[in-house]
2 protein chains.
Amino acid sequence: MKISPVKGTRDFYPPQMAVRNFIADGWKAASRRSGFEEFDGPIFEYLQMYQIKSGNEIVEQLFHLTDRGGRDLAIRPEITPTLARMVNQQINALPRPIKWFSIPRLCRAERPQKGRLREFFQWNIDIIGEESVLADAEVIFCSLDYLRSTGLLPKDVVAKISSRKLLAALLKNLGLAEDILPVLYPILDKKAKIPVEAFTEMLGKVITDSGIISTILKLMDLHNADEIAGLINLNDQAKAALAHLQDLFKTLGAMGVSEYCRFDMSIVRGLAYYTGMVFEVHDAVGDLRAVCGGGRYDNLLKDFGGPAMTAVGMGMGDCVLEILLRERGILKDDTLATKTLDYFIAVADATLADKAVVLAAGIRQAGFSCEFPYKVSALGKQLKQASAYKARKTIILGQEYTIANQLVVKDMAEGLQTAVDAAGFLATLTRI
Amino acid sequence: MKISPVKGTRDFYPPQMAVRNFIADGWKAASRRSGFEEFDGPIFEYLQMYQIKSGNEIVEQLFHLTDRGGRDLAIRPEITPTLARMVNQQINALPRPIKWFSIPRLCRAERPQKGRLREFFQWNIDIIGEESVLADAEVIFCSLDYLRSTGLLPKDVVAKISSRKLLAALLKNLGLAEDILPVLYPILDKKAKIPVEAFTEMLGKVITDSGIISTILKLMDLHNADEIAGLINLNDQAKAALAHLQDLFKTLGAMGVSEYCRFDMSIVRGLAYYTGMVFEVHDAVGDLRAVCGGGRYDNLLKDFGGPAMTAVGMGMGDCVLEILLRERGILKDDTLATKTLDYFIAVADATLADKAVVLAAGIRQAGFSCEFPYKVSALGKQLKQASAYKARKTIILGQEYTIANQLVVKDMAEGLQTAVDAAGFLATLTRI
């Protein structure tokens, strides 16, 4: 009987697990540096929960099932609905602002391709209950603080930032009706992903006036917010949204991440639920999917049966990030150890094998990692084993023990050997 | 629209997440102390994979689904089948013994009750390719090393150890046929869980000879391996299995965990797939389900299409463990911080609010955690906030800054305040 893994999923052998931990540990550290607290929800939720935020079309992107009690459930494709549900449940008990992070395992029934798998991990940070520009800035800063901590530079990644509020004001100023905006956003979001002809054609299906289309095309190419006024007269709403965006860039400057940030009106985000700042981080070359994306969403908690409450957040998946870290040489196959030992015990005299068991247990109980050979082989082979296990020190049990009750402790990096008294050894252990 | 979580699942708000991390961090540390490497597999696998090990009856305990491609999948109820699949896939590349651990999220469609949920986490350790008693001892030792590290003492938990090989030899010696043993094991496994009358009745359905039943009842109550010979003549197989078990107890003694270990013939484990040592750790009072259980299984890899390869392993779920840790006072609701900050910045003069943003970003970039107020409130309120966040130090931005460019740094534990030069502050930061 031969069994294979399901397509689009990953097996994490120890080397791959080390990479996953490297990424997740970095995410956790960056979250904690910025004061986010960790949360998580169940791996499955009621199917209808995902339909609230994303409509019926989400269902075919879900792994969904009916349980024995006839309940329609789905493996979570994202954590934000769970976040909204959980915050609503304890809305009166939670001190605000709520600053939470999570690293959920998520599943989507999509066709696997580069940077997109059916099962992946996604770092999420969200600030709920704080409407000031500081919260927008914190979310972008924390994302960039993580990327910077891995060694990625402004020449490697760029945070493209825009505002749904500004975009909405501008589009309405062009004469477009409020109700076509939700139809327009997913199209505008495709700007950077498809040829300009295809993009123009898609716009043409929603907008008949070619002058408006032409202005939108110019808007989408803007990287300097000051130039907007040259294209469209700014109404008060647009002016306010623009001032807010400029305030955001000023704050990001104060936070020392200006070099990573750029205004880009073509960042729209497909989902209807964003209401303010939107951003994506891309590799500077631009040949990968977005490394992360997010923005402000002010209606979600209410849509989930809670009070109206402003929120801003970000999600970063592990698949594109890992590709990028490898392309930039930050992650290499041999960079990460799958095992490091404080001590390896080599047995030079087979009659001392029992002593190795006693010693190893004592070292572990003292809080250190230790291994000993299950079968006593030649000393050279055991020392090779110790190196393979990346042992910091190897303890050799041999004639020094038999004659003088001494352990020979070899520092594997320096190669130095010292003999120490076996009886008092465990008591001398301190963090190495 | 009001949405609730699915029954039998858990929401991990930051306080619950801190407990989950406390448990998982302990598991990881114990695994690494004993030289295990971490692995993981996908959250779902082909449904038939679970039928190989556990038959068709497992299907109704699974959350299973059919994907858009018509594949029958199941959310994993355990990780051992994934382990067998993964090891088989790379059997020739993996150095042996393979010592792996994992902390998978698992789901079972069972009725939720005390210590048993539909979604849980389970620590798994396995040693593959090593048949010596040392591997059996390592698995039991590592489980106990973790439990001991939490503060649980021999008066709190006991590892009950037996041998399937010994049991099989004894039962055959009583005249029972080999082929009824797989039927008998799940019944014998119920011994400690049901009244003796019910147990005897269940035995009676498989065994007609009341003398044999009586001997089995006595066997099940044995806690001293030396007394077996008084009940049954030991054949060579039984003698060999008994000697192996006594060797195991000797090794556990050498490892310093004798006080936690006890021979107990009533430990059988329900699953057919165990072939040698079997063990469970129970709370000493005995009113909870098993804290963990495991044993040697020599046929699983072969059943999964690989070579014949000996293996021994253990699984420990988080639900019963958490109940036990709480009952023993090791886990208290207020023991674990959901957030600790290296620095909190308090703004005594609202005109300095911008400086707090710059300073916080600099502190974070230096690798420390830091928060600042989004809205400037009274200083006393901010200091209370700093205490709530468990900040180690609070930096006060006030007139000292305006007048002398100095930061007032308050050590929150000692209450001491010192003024430091703001210009050079970031350069002075070292791990606190």
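Each chain gets a letter, A, B and so on, in the order its sequence line appears, and its residues count up from 1.
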Toward chain A, the part of [X] with a non-hydrogen atom under 4.5 Å:
| X | answer |
| --- | --- |
| B:Leu62 | neither |
| B:Ile363 | neither |
| B:Gln90 | both |
| B:Phe344 | neither |
| B:Asp145 | side chain |
| B:Leu144 | neither |
| B:Arg105 | side chain |
| B:Glu371 | side chain |

Practice task
Might you confirm whether atom CD of B:Gln61 has over 12 heavy atoms from other residues, nucleotides or ligands at distances under 6.0 Å?
Solution key: yes
Problem - Main-chain N/O of A:Val139 paired with A:Ser143 side-chain donor or acceptor, under 3.5 Å - result: yes
Handout entry: Flag, side chain of A:Asp40 to backbone of A:Ser102, donor-acceptor distance under 3.5 Å
Key = no
Fill in the blank from the handout: Ranked by heavy-atom pairs below 4.5 Å to chain B, first place among A:Arg32, A:Arg71, A:Arg148 goes to A:Arg148
Chain B heavy atoms under 4.5 Å from [X]: which part of the residue, side chain, backbone, both or neither?
| X | answer |
| --- | --- |
| A:Arg68 | side chain |
| A:Glu60 | both |
| A:Phe141 | side chain |
| A:Lys355 | neither |

Handout entry: Cationic N near anionic O, under 4.0 Å, A:Glu130 to A:Lys99
Key = no
Practice task
Using a strict cut-off of less than 4.0 Å between a Lys/Arg side-chain nitrogen and an Asp/Glu carboxylate oxygen, indicate whether B:Arg108 and B:Glu119 qualify as a salt bridge.
Solution key: no
Practice task
Measure across B:Val347 and B:Ala353 and return the closest heavy-atom pair with its distance rounded to 0.1 Å.
Solution key: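 Heavy atoms of B:Val347 and B:Ala353 come nearest at CG1-N, 3.9 Å.
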Problem - B:Arg85 to B:Phe304 six-membered ring, cation-pi geometry met (6.0 Å, 45°) - result: no
